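Computed from a prediction, not measured in an experiment: that's the story for all the values here. In this chain, numbering begins with 1 at the start of the sequence shown. When reading the values below, keep in mind they use all heavy atoms of this one structure, side chains included, and skip hydrogens, waters and symmetry mates.
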Amino acid sequence: MNKAIIKQVLVDQRAEISRIFDQPIIEREKLPDATRMLTQKMAKVITGIRRCGKSVLAHQMLKNCSYAYINFDDERLAAVHAEDLNDFLETAKEITPDFNHLLLDEIQNTSGWELFVNRLLRNDYNVIITGSNSHLLSKELATHLTGRHLSLELFPFSFREFLLQNGVSASEDDFFKTDKRAEFKMMLERYIQEGGFPEVQKMDLKENYLRELFDKIITKDIVMRYNIKYGRDLKEMALYLLSNFASRAAYHKIKNIFEVKSVHTIKNYFEFLEESYLLFGVNAFSFKLKEQIRKPKKIYAIDTGLINAIVPKISLNIGRLMENIVFLELKRRGMEVYYYTDGHCEVDFVIKDGLKIKKMIQVCYSIESLETKEREIKSLVKAQAKLECQDSTVITWDTEGDETIKNTKIQLIPLWKWLLCF
């Protein structure tokens with residue numbers, strides 16, 4: 001590739017980043033973890049869905065360092081090959097001669113990138129990598145950089161970050177102020193509707209942006225990357241799964257709905273959607289691995305704003321949207337998450353810590369109805385006995401307190417407060 005073109009691209013990319021940081025940018029909750037990684041002599045890898053803020057986080061962690069930056073998610077670099085990568089390194093040195101850190105954005109778009117990174121590490125470069133595909137990065141890193149990389153996952157804004165972005169302060173003292181509690185609930189309604197993608201917060205045509213983002217993920221991050229022949233089938237399957245968020249989905253059922261010949265194809269499509277971070281499949285909890293594999297997965301989306309943008313409104317349910325929000329927060333907190341069902345009771349979330357069940361959570365918009373209250377709490381009580389877990393919570397929209405049944409205390413907490421627990 002022509003070095004003059006490379007230099008022009010890198011100069012343009014550096015100027016683009018400067019313009020971004022001319023605006024106020026909130027500090028992401030993952031920034032302290034990301035910054036601590038810089039001291040390690042290994043590749044630092046930040047993964048997450050497209051447009052969740054990976055690049056901005058990487059630039060934030062490097063703000064006090066001299067570093068070079070190359071973004072491979074640039075149409076001008078579509079034809080880059082492995083043999084061109086050293087030219088990029090030389091050009092970066094021309095632009096920033098004294099750099100000691102190198103940020104490589106979406107480098108998995110270039111074949112042979114892992115060997116290039118391996119060589120950089122052997123020559124004592126401090127390398128930071130971002131990528132929107134968890135599998136490609138982890139597969140190649142495991143093959144070529146075994147024991148020589150650290151990983152960090154980034155999601156769209158949490159509710160706490162959403163409040164900061166919108167100029168709303170939150171502290172534990174605010175939990176007791178009537179006006180602040182009302183403000184938190186109002187902002188939570190917005191958060192559920194708009195979601196947490198950073199750029200969405202700054203624009204008016206939010207749904208248009210999210211629909212275009214969905215199309216780009218399907219086309220660029222999956223269909224083109226994996227050379228999928230029937231891209232329309234994949235997109236329709238993605239729409240079906242996202243329409244059925246917070247519900248169980250069985251491979252055989254999906255195969256029959258879309259008249260696909262092989263369950264293996266459905267499994268592959270599902271894995272591609274997970275690897276792009278568009279959705280997640282949660283296993284049923286069982287002490288037997290075979291049972292976990294046999295039962296259907298429960299589906300959650302990466303963002304409720306994305307759900308609202310692409311799913312027909314008639315299909316949406318506030319309780320299910322709340323459940324999706326809770327799942328994402330559990331993932332942000334690094335929890336090992338399952339759901340539980342035995343035919344007699346169902347629990348939305350079972351949190352496992354090592355070999356033990358740490359906590360169980362039900363999510364329900366309201367438990368004012370006696371029937372709903374009995375159903376949700378009785379399921380927890382039954383599951384507690386079977387799984388030997390005494391820590392259970394019901395997350396609602398507005399109910400707070402404790403319920404004691406059969407000498408078992410169950411916490412009731414509003415969603416806004418659970419999300420803001422410090």
Side-chain angles (χ1 to χ4, degrees), residues 29 155-166 168-197 200-201 245-247 280 282 298-308 311 313 315-335 337-340 346-351 358-369 372-373 375-377 379-380 391-403 409-422:
E29 293 172 338
F155 288 75
F157 283 160
S158 68
F159 184 49
R160 294 177 295 275
E161 291 170 330
F162 178 83
L163 291 179
L164 283 175
Q165 180 66 30
N166 287 281
V168 178
S169 62
S171 68
E172 288 186 77
D173 290 341
D174 293 329
F175 292 178
F176 304 98
K177 299 174 183 176
T178 300
D179 58 337
K180 291 297 291 188
R181 292 166 68 95
E183 184 177 33
F184 292 150
K185 284 187 276 188
M186 179 188 70
M187 294 301 294
L188 180 57
E189 289 179 353
R190 271 190 58 191
Y191 180 60
I192 290 174
Q193 176 63 36
E194 299 173 8
F197 280 100
V200 167
Q201 316 304 315
F245 69 98
S247 301
F280 303 86
V282 175
K298 202 168 182 181
I299 308 302
Y300 294 99
I302 185 63
D303 183 72
T304 54
L306 192 64
I307 293 172
N308 283 304
V311 173
K313 299 296 185 283
S315 303
L316 298 178
N317 173 286
I318 184 62
R320 289 169 60 207
L321 289 166
M322 288 172 59
E323 186 179 330
N324 204 104
I325 291 280
V326 171
F327 167 77
L328 292 171
E329 184 61 23
L330 290 170
K331 289 288 288 182
R332 283 190 192 90
R333 297 179 185 183
M335 303 296 185
V337 183
Y338 300 84
Y339 76 92
Y340 178 77
E346 182 168 333
V347 176
D348 293 326
F349 301 111
V350 171
I351 315 302
K358 180 180 180 180
K359 189 177 185 67
M360 293 189 294
I361 297 175
Q362 291 282 56
V363 183
C364 180
Y365 178 74
S366 172
I367 57 170
E368 295 301 316
S369 159
T372 302
K373 188 174 184 178
R375 181 183 68 243
E376 300 294 340
I377 292 180
S379 289
L380 279 174
D391 188 354
S392 293
T393 297
V394 178
I395 298 175
T396 71
W397 184 258
D398 212 24
T399 306
E400 189 168 2
D402 294 311
E403 287 283 335
K409 183 182 285 188
I410 295 173
Q411 179 192 32
L412 309 177
I413 186 170
L415 177 58
W416 66 264
K417 190 171 186 179
W418 182 81
L419 291 169
L420 293 177
C421 285
F422 293 90

request  = Can you sort out the partners of K409 under side-chain hydrogen bond (donor to acceptor under 3.5 Å, both in side chains), two or more places apart, ordered by chain and number?
outcome  = none

key: Inter-residue atom distance I318.CD1 - S366.OG, 0.5 Å rounding   = 12.0 Å

Centroid separation F280 to F327 less than 6.0 Å = yes

key: Side-chain heavy-atom pair E329, R160 within 4.5 angstrom cut-off   = yes

ask   = Are L380 and V347 side-chain neighbours, meaning at least one heavy-atom pair lies under 4.5 Å?
value = yes

key: Passing candidate, ring pair (Phe, Tyr, Trp, His ring centres under 6.0 Å) with W416, options Y191, F162, F175   = F175

inquiry  = Any non-hydrogen side-chain atom of L415 less than 4.5 Å from a side-chain atom of V363?
reply    = no

query = Closest approach of T304 and G195, non-hydrogen atoms and distance?
reply = OG1-CA, 4.1 Å

query = To the nearest 0.5 Å, what is the distance between NZ (K359) and OG (S392)?
reply = 7.0 Å

ask   = Between CD1 of I367 and CH2 of W397, what distance do you get to the nearest 0.5 Å?
value = 15.5 Å

ask   = Can the ring centres of W418 and F159 be said to be less than 6.0 Å apart?
value = no

note = When every non-hydrogen atom of E161 is compared with those of E29, the smallest separation belongs to OE2-N, 2.8 Å

query = Do N317 and L321 have side chains that get closer than 4.5 Å, going by heavy atoms?
reply = no

request  = Return the set of residues passing side chain to side chain contact (heavy atoms under 4.5 Å, CB included) with T178 (not counting sequence neighbours), or none when no residue passes.
outcome  = none

task = Only counting residues at least two apart or in another chain, list the ones meeting side chain to side chain contact (heavy atoms under 4.5 Å, CB included) with L164.
result = I26

note = Sorted by chain and residue number, the side-chain hydrogen bond (donor to acceptor under 3.5 Å, both in side chains) partners of R375 (sequence neighbours excluded) come out as none

message = In the structure I gave you, are the side-chain heavy atoms of C421 and I413 within less than 4.5 Å of one another anywhere?
response = yes

inquiry  = Is any side-chain heavy atom of V394 closer than 4.5 Å to one of T396?
reply    = yes

key: Ion pair check, E183 and K177, cut-off under 4.0 Å   = no

ask   = Do K298 and S247 have side-chain N/O donor and acceptor atoms under 3.5 Å apart?
value = no

E323 side chain to C364 backbone, donor-acceptor under 3.5 Å = no

ask   = How about F245 and Y300: are their ring centroids closer than 6.0 Å?
value = no

note = Looking only at heavy atoms, the pair that brings I395 and P414 closest together is CG2-C, 4.4 Å

inquiry  = Any salt bridge linking E400 with R181? Criterion: basic side-chain nitrogen under 4.0 Å from a carboxylate oxygen.
reply    = yes

ask   = Which value, rounded to the nearest 0.5 Å, describes the distance between L328 atom CG and L419 atom CG?
value = 10.0 Å

key: Contacts of type ring pair (Phe, Tyr, Trp, His ring centres under 6.0 Å), residue Y338, not counting sequence neighbours   = F285

query = Any side-chain heavy-atom pair from D348 and M360 closer than 4.5 angstrom?
reply = no

key: I410 side chain near I377 side chain, heavy-atom distance below 4.5 Å   = yes

Check: I192 main-chain N/O paired with N308 side-chain donor or acceptor under 3.5 Å = yes

key: Test: K185 and E189 ion pair at under 4.0 Å   = no

ask   = Does Y365 have any side-chain hydrogen bond (donor to acceptor under 3.5 Å, both in side chains) partners at least two apart in sequence or in another chain, and if so, which?
value = none

query = Quick one: do the E376 and Q362 side chains pair a donor with an acceptor below 3.5 Å?
reply = yes

message = Is it the case that the side chain of N166 and the backbone of L163 share a donor-acceptor pair, with hydrogens and angles ignored and the cut-off at 3.5 Å?
response = no

inquiry  = Please report the interatomic distance CG(D391) to NZ(K358), rounded to the nearest 0.5 Å.
reply    = 8.5 Å

message = Test your reading of the model: is there a side-chain donor-acceptor pair from D303 to the backbone of G196, 3.5 Å cut-off?
response = yes

ask   = Between the side chains of Q411 and T393, does any donor sit under 3.5 Å from an acceptor?
value = yes

request  = For R332 and F155, indicate whether the former's side chain and the latter's backbone hold a donor-acceptor pair under 3.5 Å.
outcome  = no

task = Before giving the answer on side-chain contact (heavy atoms from CB on, under 4.5 Å), spell out for V337 and I351 the whole-Å C-alpha distance, their side-chain angles and the decisive distance to 0.1 Å.
result = CA-CA 5 Å; V337 183; I351 315 302; 4.2 Å; yes

ask   = Do D174 side-chain atoms and K180 backbone N/O form a donor-acceptor pair below 3.5 Å?
value = no

